[in-house]
*Asks:* 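Here it is, the structure, as structure tokens.
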Amino acid sequence: MHGIFRIIAHHTGGAHIANATDLAAYHDLIQGDGSVVAGKFPISANAGKIIGNNYAKHTAQLNSGSLGVSLCAMKGGLWSDPFSCPYFPTLTQADALVDQAARRCIEYGIDVTREEVLSHGEVQITLKVKQKQKWDFDYCIWRITKSRDPIYLGDAFRERVKDAIMRLRSSIITPPKPSLIRTTQMPLTRRGATGMHVRALQSALGLKVDGVFGPKTEDAVRAFQRKSQLVPDGIVGRMTWTALQL
């Protein structure tokens, strides 16, 4: 099992560009132009029992099993008037957050429920785990409503994620190539891996097949992910395997 069963959405409290602090705290960061940047720590670091400090510390007492995705936004924002913030989320950024959450739900088999896909502002209310004055998002990132009810806003966010999942799934209309192993049988594959899955990956990317996931293979994976509008983290999960087989 991959050990990831929840997505928690945040704002960084910074500008529209990810900085070093942001990269250390979250797995996926959505910048102001809608681009997605991979955080410092792999998602697998938050799967199962956490050991040491090499993981994304995005949600107090709930980092194990939780994938942290965050908007780079809200620097200088005031709880009393979030909409006046000079770094309020852009509409492109807000839509990109929905799409990224949908991709991760598909990749990790996460159901879109209040307990499994939620904002940081909903955590204490829904999961009953105390947080320190977290208000991301008790405001509408699309500026459609002035409501400050995080559950109401979270439900609206989840409906958008569900729609995005349906759209993404409907775009996969061709079966996998028979030359590759079924996606469901392929493990999470990253730099340092060896063996038949790496050989299948290298063959699909048109690389020299040596069965060793080194820097050249990682660079080719990142390039393919960018071309396929996936997170260019160099890690081959379910979505990347699926895209390779279209």
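Hydrogens, waters and symmetry mates are skipped; everything else that's a heavy atom, side chains included, is used.
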*Asks:* Can you see which heavy atom on L244 is nearest to which on A204, and at what distance?
*Replies:*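 Here L244 and A204 meet closest at CD2-CB, 4.0 Å.
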*Asks:* Give me the one residue out of L118, L153, L97 that meets side-chain contact (heavy atoms from CB on, under 4.5 Å) with F137.
*Replies:*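 One option only clears the test, and that one is L97.
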*Asks:* Considering the options E116, Q100, R104, which one meets the side-chain contact (heavy atoms from CB on, under 4.5 Å) requirement together with I7?
*Replies:*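 When side-chain contact (heavy atoms from CB on, under 4.5 Å) is applied between I7 and each of E116, Q100, R104, only R104 qualifies.
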*Asks:* Hey, are the side chains of W142 and L91 touching, using non-hydrogen atoms and a 4.5 Å cut-off?
*Replies:*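 They are in side-chain contact.
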*Asks:* Check whether more than 12 heavy atoms from other residues, nucleotides or ligands sit under 6.0 Å from atom CZ of F83, and answer yes or no.
*Replies:*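 Yes, the 6.0 Å shell around CZ holds more than 12 heavy atoms from other groups.
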*Asks:* For H58, check ring pair (Phe, Tyr, Trp, His ring centres under 6.0 Å) against everything at least two apart and list the hits.
*Replies:*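 In terms of ring pair (Phe, Tyr, Trp, His ring centres under 6.0 Å), with neighbours along the sequence ignored, H58 is linked to H10, H27.
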*Asks:* May I ask you to check whether over 12 heavy atoms, not counting those of E115, lie within 6.0 Å of atom CD?
*Replies:*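 Count over threshold, so yes.
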*Asks:* Taking the side chain as every heavy atom from C-beta outward, state whether K162 and M166 have any pair of such atoms under 4.5 Å apart.
*Replies:*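 No, side chains not in contact.
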*Asks:* Any heavy-atom pair between the side chains of F5 and D111 that's under 4.5 Å?
*Replies:*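 Not in contact.
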*Asks:* Minimum heavy-atom separation for L188 to S44, with atom names?
*Replies:*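 Shortest heavy-atom contact: CD2-CB, 4.3 Å.
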*Asks:* If you look at every heavy atom in V212 and Q202, which pair is closest and at what distance?
*Replies:*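 Scanning both residues, the minimum pair turns out to be O-NE2, 3.0 Å.
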*Asks:* Is there a path from I43 to Y55 through hydrophobic residues (I, L, V, M, F, W, Y) whose side chains come within less than 4.5 Å of each other?
*Replies:*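 Cluster IDs for I43 and Y55 differ.
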*Asks:* Are L71 and P89 side-chain neighbours, meaning at least one heavy-atom pair lies under 4.5 Å?
*Replies:*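 The answer is yes, as the side chains (C-beta and beyond) meet within the 4.5 Å cut-off.
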*Asks:* With sequence neighbours left out, what residues match R158 under salt bridge (Lys or Arg N to Asp or Glu O under 4.0 Å)?
*Replies:*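 E122, D155.
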*Asks:* Would you say that V36 contacts L230 through its side chain, given a criterion of any heavy-atom pair below 4.5 Å between the two side chains?
*Replies:*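 Sidechains of L230 and V36: no contact.
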*Asks:* Given side chains that start at C-beta, do those of C72 and Q93 come closer than 4.5 Å, heavy atoms only?
*Replies:*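 Of all side-chain heavy-atom pairs linking Q93 with C72, at least one is under 4.5 Å.
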*Asks:* Give a yes or no on this: more than 12 heavy atoms of other residues, nucleotides or ligands lie within 6.0 Å of atom OH of Y87.
*Replies:*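 No - once you tally the heavy atoms of other residues, nucleotides and ligands closer than 6.0 Å, there are 12 at most.
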*Asks:* What are the two closest heavy atoms between S64 and I50, and how far apart are they?
*Replies:*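 Heavy-atom minimum between the residues: N-CD1, 3.5 Å.
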*Asks:* Looking at V117 and C105, what are the two nearest heavy atoms and their distance?
*Replies:*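 Minimum heavy-atom contact is CG2-SG, 3.7 Å.
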*Asks:* In a check of side-chain contact (heavy atoms from CB on, under 4.5 Å) between T12 and each of I17, L29, T21, which one passes?
*Replies:*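 Single pass found, and it is L29.
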*Asks:* Output yes when D233 and R190 qualify as a salt bridge under the 4.0 Å nitrogen-oxygen rule, no when they do not.
*Replies:*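 No, D233 and R190 are not salt-bridged.
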*Asks:* Pairing donors with acceptors under 3.5 angstrom, does anything connect the side chains of S35 and D33?
*Replies:*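 A pair is found: one side chain offers a donor N or O, the other an acceptor, under 3.5 Å apart.
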*Asks:* Are the side chains of M74 and P82 in touch, meaning some heavy atoms are under 4.5 Å apart?
*Replies:*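 SC-SC contact between M74 and P82 confirmed.
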*Asks:* Are F224 and W241 connected in the hydrophobic side-chain network, where two residues link if heavy atoms are under 4.5 Å apart?
*Replies:*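 Same cluster: F224 reaches W241 through Ile, Leu, Val, Met, Phe, Trp or Tyr contacts under 4.5 Å.
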*Asks:* Return yes when atom NZ of K216 has more than 12 non-hydrogen atoms of other residues, nucleotides or ligands closer than 6.0 Å, and no otherwise.
*Replies:*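 Result for NZ/K216: open.
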*Asks:* Taking the side chain as C-beta and beyond, is there a heavy-atom pair between V231 and R103 under 4.5 Å?
*Replies:*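 They are not in contact (no side-chain heavy atoms under 4.5 Å apart), so the answer is no.
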